[in-house]
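Predicted, not measured: the structure shown is a model, and the values here were computed from it.
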Amino acid sequence: MKTLCEGFDPVYNENSLVLILGSFPSVKSRAEGFYYGNKQNAFWRTLSAFFGEELPLTVADKRAFVLKHRVALWDVVVSCEIEGSADSSIENERVADLPGLLQKSRIKVILCNGSTAYNLLVKNYPALASIAKKLPSTSPANPRFSREAWFAALKEVTT
């Protein structure tokens, strides 16, 4: 059964250089109230390994971590009807105001966390496709996750 769910506000500041764009928060993320709350998701382990820092554990630590590294977080879908955590079940979505966010920051690159995020970005904001890169989803449901692909993409935009 699908339920109407709301996503999270973006995490960014005027110094953010890169936006990591997900699709929509999972059930576990929604329960935690922050991005990538499923402990099986590779997102936080990947970022902490790339930046050579300890894994942030609390929401406050995670927020401070991304801002320190000039990374912004948001999801392309800000509200939708969804069954569980399945991106394939997203319906009646309302998308994020990505152009508005870009105007309030120094973001020049969008790293899409998986195909759904990338495809929805291109569908709704085709002009942003030129600055977007599709990366393998960090979801535990993705058997083709590649830490190396994430490291290469992060290296291009953070060094």
Side-chain angles (χ1 to χ4, degrees), residues 3 5-80 82 84-87 90 93-98 100-118 120-121 128 131-159:
T3 55
C5 297
E6 296 290 324
F8 307 131
D9 290 336
V11 175
Y12 75 100
N13 63 26
E14 64 281 354
N15 296 317
S16 298
L17 296 177
V18 58
L19 170 62
I20 298 178
L21 187 68
S23 53
F24 191 74
S26 69
V27 169
K28 290 183 179 182
S29 295
R30 294 191 306 264
E32 181 178 297
F34 200 68
Y35 297 91
Y36 308 103
N38 183 339
K39 297 203 184 326
Q40 302 307 311
N41 192 302
F43 182 82
W44 292 109
R45 290 188 308 276
T46 301
L47 260 62
S48 63
F50 176 79
F51 289 112
E53 294 194 19
E54 287 188 29
L55 187 67
L57 299 177
T58 67
V59 169
D61 289 345
K62 291 173 182 177
R63 182 181 305 276
F65 178 92
V66 293
L67 293 176
K68 171 184 174 183
H69 294 291
R70 299 170 21 153
V71 172
L73 299 177
W74 209 7
D75 290 315
V76 67
V77 174
V78 295
S79 70
C80 66
I82 189 169
S85 300
D87 282 355
I90 292 173
E93 68 270 12
R94 186 169 53 88
V95 297
D97 178 13
L98 296 175
L101 178 68
L102 297 181
Q103 289 176 354
K104 299 177 205 169
S105 67
R106 296 172 46 204
I107 294 168
K108 301 290 183 233
V109 176
I110 302 172
L111 301 180
C112 296
N113 192 346
S115 295
T116 300
Y118 180 80
L120 285 169
L121 166 81
L128 296 179
I131 65 166
K133 181 176 179 109
K134 178 172 59 171
L135 291 172
S137 172
T138 59
S139 167
N142 180 21
R144 292 179 298 280
F145 170 72
S146 168
R147 181 181 269 198
E148 294 76 22
W150 275 85
F151 277 24
L154 289 165
K155 186 175 181 180
E156 284 180 29
V157 298
T158 60
T159 55

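- Side-chain atoms of I131 and K108, non-hydrogen and from C-beta on, never get closer than 4.5 Å to each other.
- Aromatic ring orientation, Y36 versus F43: parallel (interplanar angle below 30°, classes split at 30° and 60°).
- When atom types are taken as modelled, the side chain of R30 and the backbone of P25 share a donor-acceptor pair closer than 3.5 angstrom.
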>> Under the criterion side-chain contact (heavy atoms from CB on, under 4.5 Å), I'd like the reasoning laid out for L111 against L154: C-alpha separation, chi angles, the key distance, then a yes or no.
In response: CA-CA 9 Å; L111 301 180; L154 289 165; 4.0 Å; yes
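- Atom CG of L55 is separated from atom CZ of F65 by 8.5 Å, given to the nearest 0.5 angstrom.
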>> Test side-chain contact (heavy atoms from CB on, under 4.5 Å) on F151 and T46; report intermediate values, then the result.
In response: CA-CA 8 Å; F151 277 24; T46 301; 3.9 Å; yes
>> With side-chain contact (heavy atoms from CB on, under 4.5 Å) as the criterion, how do I20 and L47 come out once you've worked through the C-alpha distance, each side chain's angles and the decisive distance to 0.1 Å?
In response: CA-CA 11 Å; I20 298 178; L47 260 62; 4.2 Å; yes
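- Applying the salt bridge (Lys or Arg N to Asp or Glu O under 4.0 Å) test to every pair with at least one member in residues 58-71, sequence neighbours left out, gives these pairs: E32-K62, E53-K68.
- Using cut-offs of 30° and 60° for the angle between ring planes, the F34 and W44 rings count as parallel.
- Residues that satisfy the side chain to side chain donor-acceptor pair (under 3.5 Å) test with N41, not counting sequence neighbours, are T138.
- Counting heavy atoms from C-beta on, the side chains of D97 and V78 never come closer than 4.5 Å.
- Between S48 and P56, some side-chain heavy-atom pair lies under the 4.5 Å cut-off.
- Looking at heavy atoms from C-beta onward, W74 lies in side-chain contact with L98 at the 4.5 angstrom threshold.
- For Y35, there are no side chain to side chain donor-acceptor pair (under 3.5 Å) partners at least two apart in sequence or on another chain.
- Checked by atom type and distance alone, the side chain of N142 pairs as donor or acceptor with a backbone atom of R144 at under 3.5 Å.
- Electrostatic pairing of E148 and K155 does not count as a salt bridge here, judged by no charged N lying under 4.0 Å from a carboxylate O.
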> Where do R45 and R147 land on the side-chain contact (heavy atoms from CB on, under 4.5 Å) test, with the steps shown first?
Replying inline: CA-CA 10 Å; R45 290 188 308 276; R147 181 181 269 198; 4.2 Å; yes
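- For P136 against W150, the heavy-atom pair with the smallest separation is O-NE1, 2.8 Å.
- Counting heavy atoms from C-beta outward, P140 and F145 have side chains that stay 4.5 Å or more apart.
- A donor-acceptor pair under 3.5 Å links the side-chain atoms of S29 to the main chain of G37, judged by distance alone.
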